[in-house]
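Throughout, residue positions are numbered sequentially from 1 according to the sequence presented. Please read all numbers here as calculations on a predicted model, not as lab measurements.
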Amino acid sequence: MTEPSAPPSYMDATSDKAYPPGVQPTAPYPAPGAPYQAGYPPPAGQPYPPTAAQPYPPPAGSQAYPPAGSQAYPPPANQPYPPTQPGYQGVPAAAPPPSSYGTSAPTSGGGHSDEETGFEGGRGFNNKSIRAAFIKKVYFILFIQLTITFGIVCIFYYVDPVRIFVQSNSWLYWCSYAAFIIMYFSLVCCSNVRRNYPGNLIALMLFTLCLSYMTGTIASFYYVNGGNIVLIAMGICAGITLGVSLFAIQTRFDFTTCGGFLFIFSLSLFLFGFIAIFTYSRILYTVYAWLAAVLFCLFLAYDTQLLIGGRRYELSPEEYIYGALNLYVDIVYIFLIVLSLFGGGK
């Protein structure tokens, strides 16, 4: 027969002494959910609770987690720690990517896709070197467009055979007008047309030639022997363009938020001009021309701030064709309006 084994001995958690065999501590281990009692080690594999008042372990089905600033307490098995719980010291959840509008403040023009509209909001285009290169590219394209246009205008105005030819072949004017409308809506409404190189440059060149022919044809009807009305209108147009552009760049007023006002102004002016067709009042035509000049000056300020950036809405760096197109149309129409005012109502 084997001898009975000796009863187990117990260690006092508060000292290095061992209890004699058969003698147990005065208090057993704390029951689940009971407050932690100092002097007793935790069960195997379980860390100490962060505070003496913390129940150890958490009751089944409850969320007894430490308060903010305390030591991290392990969550129950197969149950993640709630990310909103104060004091949690685990790995934080990945932050969502920052939004752009800015694009635009509503992002990209109030939730529209930048790929579709070409706009950004909330100052999403903040790289100064990229923006500077974008602005230089737009103004370089604009300079080439204006050089071609005003060169053709001078030829149609000062060269007699050319002037007589364009005046006697009005069908060429209407063909150029139709091509101008088609190319304009293609470049404005179709982002693929104005973004794909080199097709965007070819389309912009055709658009420039069509509008230049239209402008030259209109200017040829204001010819006066020995007069320089075209040169005077060019000078005034250049002064207006420079002044409005500098004002739009340095002012704190955000013209990019006035899109609704510009739309209402344009619609009202269109109806006013339609009514003026059926009247023959020179005063009415003069008022209409001045209102149109104010409208296109506002459009010039609006498009300039879209180009420069730093406002509620701004153009994407891929939209250099769109930026040059808008500024070019604004300047040409300002020139035509000034020419009509100095042309004696022809």
Side-chain angles (χ1 to χ4, degrees), residues 142 145-146 149-150 152-154 156-157 167 173 176-177 180-181 184 188 210-224 227-308 311 323-346:
L142 178 63
Q145 289 179 287
L146 294 178
T149 300
F150 292 120
I152 292 176
V153 168
C154 290
F156 283 19
Y157 187 82
Q167 288 180 356
Y173 170 82
S176 66
Y177 192 87
F180 160 75
I181 295 295
Y184 180 78
V188 171
C210 293
L211 186 55
S212 299
Y213 186 88
M214 287 176 52
T215 307
T217 303
I218 295 172
S220 66
F221 285 92
Y222 289 94
Y223 176 76
V224 178
N228 294 313
I229 297 178
V230 166
L231 295 180
I232 295 174
M234 286 183 181
I236 295 175
C237 177
I240 293 174
T241 301
L242 181 61
V244 172
S245 300
L246 293 178
F247 173 76
I249 292 172
Q250 63 84 32
T251 185
R252 295 183 179 180
F253 183 79
D254 191 356
F255 284 96
T256 64
T257 61
C258 300
F261 168 76
L262 294 177
F263 172 76
I264 295 174
F265 193 179
S266 302
L267 183 60
S268 302
L269 189 64
F270 172 78
L271 296 176
F272 179 68
F274 182 76
I275 295 173
I277 294 176
F278 302 100
T279 61
Y280 298 94
S281 173
R282 184 172 179 179
I283 297 177
L284 189 62
Y285 289 159
T286 303
V287 172
Y288 174 78
W290 280 110
L291 290 177
V294 172
L295 175 63
F296 280 99
C297 287
L298 292 176
F299 269 119
L300 180 60
Y302 176 85
D303 294 329
T304 300
Q305 288 191 349
L306 283 180
L307 172 66
I308 300 300
R311 310 289 173 160
L325 175 70
N326 288 337
L327 295 177
Y328 172 66
V329 172
D330 295 338
I331 295 172
V332 170
Y333 270 97
I334 291 174
F335 166 74
L336 290 176
I337 293 169
V338 173
L339 184 63
S340 65
L341 290 173
F342 279 88
K346 289 189 176 182

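Counting heavy atoms from C-beta on, the side chains of Ile229 and Tyr157 come closer than 4.5 Å. Within the 4.5 Å cutoff, no side-chain heavy atoms of Thr304 are placed close to those of Phe247. Looking at heavy atoms from C-beta onward, Ile331 lies in side-chain contact with Leu142 at the 4.5 angstrom threshold.
The minimum heavy-atom distance linking Ala219 with Val230 is given by the pair CB-CG2, 4.2 Å. Taking both residues in full, the closest heavy atoms of Ser212 and Tyr328 are given as OG-OH, 3.4 Å, listed atom of the first, atom of the second, then distance. Considering every non-hydrogen atom in both Leu341 and Ala289, the closest pair reads CD2-CB, 3.4 Å. When all heavy atoms are compared, the tightest approach of Leu298 to Phe261 is CD1-CE2, 3.9 Å. When all heavy atoms of Ser220 and Phe156 are compared, the pair lying nearest together is CB-O, 3.7 Å. Of all heavy-atom pairs between Phe335 and Thr215, the closest is CE2-CG2, 3.7 Å.
Phe299 CZ to Leu295 CG: the interatomic distance, rounded to the nearest 0.5 Å, is 5.0 Å. Considering OG1 of Thr241 and CD1 of Ile334, their distance stands at 5.0 Å, rounded to 0.5 Å. With rounding to the nearest 0.5 Å, the separation of CG in Leu211 from OH in Tyr333 is 6.5 Å. Leu339 contributes atom CG, which lies 9.0 Å from atom CE of Met234 (distance to the nearest 0.5 angstrom). The structure places SG of Cys210 at 11.0 Å from OH of Tyr213, a figure rounded to the nearest 0.5 Å. Rounding to the nearest 0.5 Å gives a distance of 9.5 Å between CZ of Phe180 and OH of Tyr173.
Residue-environment remark: CZ (Phe270) stays at or below the threshold of 12 foreign heavy atoms within 6.0 Å.
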request  = Report the C-alpha distance between Phe255 and Leu262 in whole Å, list the side-chain angles of each, state the deciding distance to 0.1 Å, and finish with yes or no for side-chain contact (heavy atoms from CB on, under 4.5 Å).
outcome  = CA-CA 10 Å; Phe255 284 96; Leu262 294 177; over 6 Å; no

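Ser340 and Tyr222 are not linked by any side-chain donor-acceptor pair at a separation below 3.5 angstrom, with hydrogens and angles left out of the test.
Between the side chain of Gln305 and the main chain of Phe253, a donor-acceptor pair closer than 3.5 Å is present. Thr251 contributes no side-chain N or O that, together with a main-chain N or O of Ala248, makes up a donor-acceptor pair within less than 3.5 Å.
Screening Leu269, Ile275, Ile283 against Tyr288 for a side chain to side chain contact (heavy atoms under 4.5 Å, CB included) leaves a single residue, Leu269.
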